[in-house]
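Everything below concerns the one structure shown next.
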Protein chains: 2
Amino acid sequence: MSTLNVMYSDEMLKQQLNDQGLRFTPQRLKILKIFQSLPRGTHWSAEELHEELLAQAERISLSTVYRTLHIMTRMGILRELELAEEHKHYELNRSPSGQHHHLICVHCNRILEFAEAGVDKIGGKQADAMGYHVLDCQLNLYGVCPDCQNQRH
Amino acid sequence: MSTLNVMYSDEMLKQQLNDQGLRFTPQRLKILKIFQSLPRGTHWSAEELHEELLAQAERISLSTVYRTLHIMTRMGILRELELAEEHKHYELNRSPSGQHHHLICVHCNRILEFAEAGVDKIGGKQADAMGYHVLDCQLNLYGVCPDCQNQRH
DNA sequence: CTTCCAAACGAGAATTTGTTTCATTAAGTC
DNA sequence: GACTTAATGAAACAAATTCTCGTTTGGAAG
Ligand SMILES: [Mn+2]
Ligand SMILES: [Mn+2]
Ligand SMILES: [Zn+2]
Ligand SMILES: [Zn+2]
C-alpha cells in the first residue's frame with residue numbers, strides 16, 4: 001500500500017501473487033498492463049475491460065475478467081467504485097498519495113475526480129474511533145453538472 | 001429539504017406528490033410508513049422491503065416497490081445508498097441536520113453510521129468549485145470491523 | 001527436465017437484481 | 001358521477017455477476 005501501484009512491474013505482480021499462494025498468469029499480467037496504460041480518470045466496468053481485451057485480440061474469458069478484478073481489488077492493486085450506475089467500476093489504486101474522490105452527475109453520469117486530503121483524515125479518525133481497520137475511503141458526491149443544469153426544461 | 005422527513009404526515013406526502021402531478025396512493029403511503037417505523041441505522045433493499053410488506057399482509061407488487069423507491073429518492077424523502085453489496089439500500093433521508101455516513105465491514109457487511117459535518121462542508125466546497133449542484137454527499141469507509149479482525153486465521 | 005497437484009482457465013448455465021410491457025384499476029379533476 | 005391518465009400487478013425481459021465443471025497450466029518438488 002505504500003508503493004505507487006502505477007509502477008507495478010511484472011516481477012512485483014508475480015511476487016505479490018505467489019506470496020499469497022496465487023499464480024502469476026498471462027491473463028492477470030495483461031489486465032494489469034491495460035489498467036496501467038489507461039489515462040487517469042478512466043473508470044472501467046468488467047464489460048468494458050473485456051471489450052478492450054477482445055479489441056487487442058486477447059482471448060480472456062469474462063469469468064477470468066471478473067475473477068481478476070476481485071483478486072486485484074483484494075490485493076489493493078485496483079479500486080472498486082460504486083458509482084451510480086448498475087455496475088461496478090474499476091481503476092488503478094493510487095493510494096495513499098494519489099487518492100481522490102468522485103463527483104457524479106445523476107443526469108448524464110459524467111464523473112469528475114477531485115483530491116481532498118481532509119476527507120481521508122476524517123475517515124481515518126472515525127474508523128479508528130470504532131476500531132475498524134480502513135481499506136478504502138470513498139467520498140461520492142451526487143449532483144447535477146453545469147451542462148445538465150442548463151438543458152433543464 | 002429543510003424539514004425533517006421523519007415527520008412526514010399523510011397530508012404532506014399527498015401535497016408533495018400532487019404538486020408534481022403524481023398521485024397519492026395507499027401503496028406509497030404504506031411504504032413511507034414502514035420506513036418511518038424502522039429504527040435508525042436500518043438500510044433496506046427493495047427485496048427486504050417487499051418481504052416486510054408481505055409479512056404485513058400488504059399485497060404490493062415488486063414493480064411498485066421499485067417504482068416507489070425511485071420516486072421517493074427523487075423527491076428527497078429516501079436516500080439511496082451504494083454500499084458494497086450487489087444491490088442498493090434505502091433509508092429515510094434525514095438531511096441536512098441528521099446527515100450521516102457509513103463504515104462498512106467488507107467481511108461481514110456490518111454497517112455503522114457516523115455523523116461528521118466536516119465532510120458535507122468539504123463536499124459542498126468541491127462541488128461549488130466545479131459548478132455542480134449537490135443532491136447527496138456520501139462518504140463510505142470500507143474496512144474490517146473489530147470482530148472480523150479477531151477471527152482472522 | 002519431468003512429475004504432480006492445486007489453482008486458474010474458458011464455456012456456458014444459473015442466479016440476482018432491476019426494468020419493461022401491457023391490460024386493468026383507481027386518483028384527482030370538473 | 002364521468003372522464004382522463006397515472007399507477008398498479010403480473011409476467012416477460014434484460015443486464016450484471018456468479019457458479020459449475022471439465023480442461024489447462026503454474027510452480028514446487030524431486
Ligand atoms: Mn477515479
Ligand atoms: Mn444510514
Ligand atoms: Zn450531467
Ligand atoms: Zn466484520
Side-chain angles (χ1 to χ4, degrees), chain A residues 10-32 43-54 56-75 77-78 80-90 106 109, chain B residues 10-32 43-54 56-75 77-78 80-90 106 109:
Chain A
D10 302 17
E11 292 73 32
M12 286 167 68
L13 178 62
K14 176 166 168 52
Q15 191 65 60
Q16 200 177 337
L17 282 166
N18 290 349
D19 285 354
Q20 304 182 37
L22 304 176
R23 293 175 180 177
F24 177 66
T25 67
Q27 292 90 344
R28 289 173 181 178
L29 178 58
K30 180 63 191 176
I31 288 173
L32 174 60
H43 306 99
W44 269 4
S45 66
E47 200 59 59
E48 285 170 311
L49 171 59
H50 190 232
E51 276 163 23
E52 176 61 21
L53 287 166
L54 292 181
Q56 296 190 18
E58 292 280 343
R59 217 200 228 29
I60 298 184
S61 74
L62 199 50
S63 307
T64 297
V65 166
Y66 276 106
R67 274 186 294 242
T68 305
L69 291 172
H70 288 162
I71 286 175
M72 292 191 171
T73 299
R74 236 189 310 130
M75 292 171 72
I77 297 175
L78 298 181
E80 183 178 270
L81 302 172
E82 303 273 356
L83 309 174
E85 275 172 276
E86 53 298 309
H87 53 254
K88 290 172 181 162
H89 286 151
Y90 296 85
V106 298
N109 289 327
Chain B
D10 301 17
E11 292 73 30
M12 288 167 67
L13 178 62
K14 175 165 170 50
Q15 191 65 60
Q16 199 177 337
L17 282 166
N18 290 349
D19 285 354
Q20 303 181 37
L22 303 177
R23 293 176 180 177
F24 176 66
T25 67
Q27 292 89 343
R28 290 173 179 175
L29 177 58
K30 179 64 191 174
I31 288 174
L32 174 61
H43 306 100
W44 270 4
S45 66
E47 200 59 60
E48 287 170 311
L49 171 59
H50 189 231
E51 276 163 23
E52 176 61 22
L53 288 166
L54 291 181
Q56 296 191 19
E58 292 280 342
R59 215 198 229 32
I60 299 183
S61 75
L62 201 48
S63 308
T64 297
V65 166
Y66 276 107
R67 275 187 293 243
T68 305
L69 290 172
H70 289 164
I71 286 175
M72 291 191 174
T73 298
R74 233 186 315 127
M75 292 171 72
I77 296 176
L78 297 181
E80 184 177 88
L81 301 172
E82 302 274 355
L83 309 174
E85 274 173 277
E86 51 300 305
H87 53 253
K88 290 170 181 163
H89 286 148
Y90 297 85
V106 299
N109 289 327

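Convention: sequence-line order gives letters A, B, ...; per-chain numbering from 1.
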If you restrict it to nitrogen or oxygen atoms, what contacts under 3.5 Å exist between nucleotides 8-12 of chain D and the protein, and what is each distance?
unit_1 : atom_1 : unit_2  : atom_2 : d
D:dT8  : OP1    : B:Thr25 : OG1    : 2.8
D:dT8  : O3'    : B:Gln27 : NE2    : 3.1
D:dG9  : OP1    : B:Arg59 : O      : 2.8
D:dG9  : OP2    : B:Ser61 : N      : 3.0
D:dG9  : OP2    : B:Ser61 : OG     : 3.0
D:dG9  : OP2    : B:Thr64 : OG1    : 2.5
D:dG9  : N7     : B:Arg67 : NH2    : 3.0
D:dA10 : N6     : B:Ser63 : OG     : 3.2
D:dA11 : N6     : B:Ser63 : OG     : 3.2

With side-chain contact (heavy atoms from CB on, under 4.5 Å) as the criterion, how do B:Glu47 and B:His50 come out once you've worked through the C-alpha distance, each side chain's angles and the decisive distance to 0.1 Å? CA-CA 5 Å; B:Glu47 200 59 60; B:His50 189 231; 4.1 Å; yes
Spacing of [X] atom [atom1] relative to [N] atom [atom2], expressed in whole Å:
X: A:Leu13; N: D:dG27; atom1: CG; atom2: P; answer: 10 Å
X: A:Glu85; N: C:dT19; atom1: CD; atom2: C1'; answer: 16 Å
X: A:Glu86; N: C:dG18; atom1: CD; atom2: P; answer: 10 Å
X: B:Glu82; N: C:dG18; atom1: CD; atom2: C1'; answer: 13 Å
X: B:Asp19; N: C:dG28; atom1: CG; atom2: C1'; answer: 13 Å
X: B:Asn18; N: D:dT4; atom1: CG; atom2: C1'; answer: 15 Å
X: B:Lys88; N: D:dA16; atom1: NZ; atom2: P; answer: 12 Å
X: B:Glu51; N: C:dT16; atom1: CD; atom2: P; answer: 12 Å

Can you tell me if A:Glu52 and A:Gln56 form a side-chain donor-acceptor pair at under 3.5 Å? yes
Just call it for A:His50: base, sugar-phosphate, or nothing, with non-hydrogen atoms closer than 4.0 Å on any strand. nothing
Taking atom types as they are modelled, would you say the side chain of B:Arg23 forms a donor-acceptor pair with the base of D:dA6 within the 3.5 Å cutoff? yes
Along DNA chain D (nearest heavy atom to each residue), the more 5'-positioned of A:Lys14 and B:Leu22: B:Leu22
B:Tyr66 vs C:dT19: side-chain N/O to OP1/OP2 distance below 4.0 Å: no
According to a strict under-4.0 Å criterion, is A:His70 in side-chain N/O contact with OP1 or OP2 of D:dT18? yes
May I have the list of side-chain donor-acceptor pairs in residues 61-69 of chain B shorter than 3.5 Å, sequence neighbours left out?
unit_1  : atom_1 : unit_2  : atom_2 : d
B:Ser61 : OG     : B:Thr64 : N      : 3.2
B:Ser61 : OG     : B:Thr64 : OG1    : 3.2
B:Thr64 : OG1    : B:Arg67 : NH2    : 3.4
B:Thr68 : OG1    : B:Thr64 : O      : 2.7

Within-4.5 Å side-chain heavy-atom neighbours: B:Leu32 and B:Arg28: no
Going from CG on B:Leu81 to NZ on B:Lys88, what distance comes out if it is rounded to the nearest 0.5 angstrom? 11.0 Å
Which distance, rounded to the nearest 0.5 Å, do you find between the CG of B:Leu22 and the NZ of B:Lys14? 11.5 Å
Go through the steps to decide whether A:Leu53 and A:Gln27 satisfy the test side-chain contact (heavy atoms from CB on, under 4.5 Å), and finish with yes or no. CA-CA 10 Å; A:Leu53 287 166; A:Gln27 292 90 344; over 6 Å; no
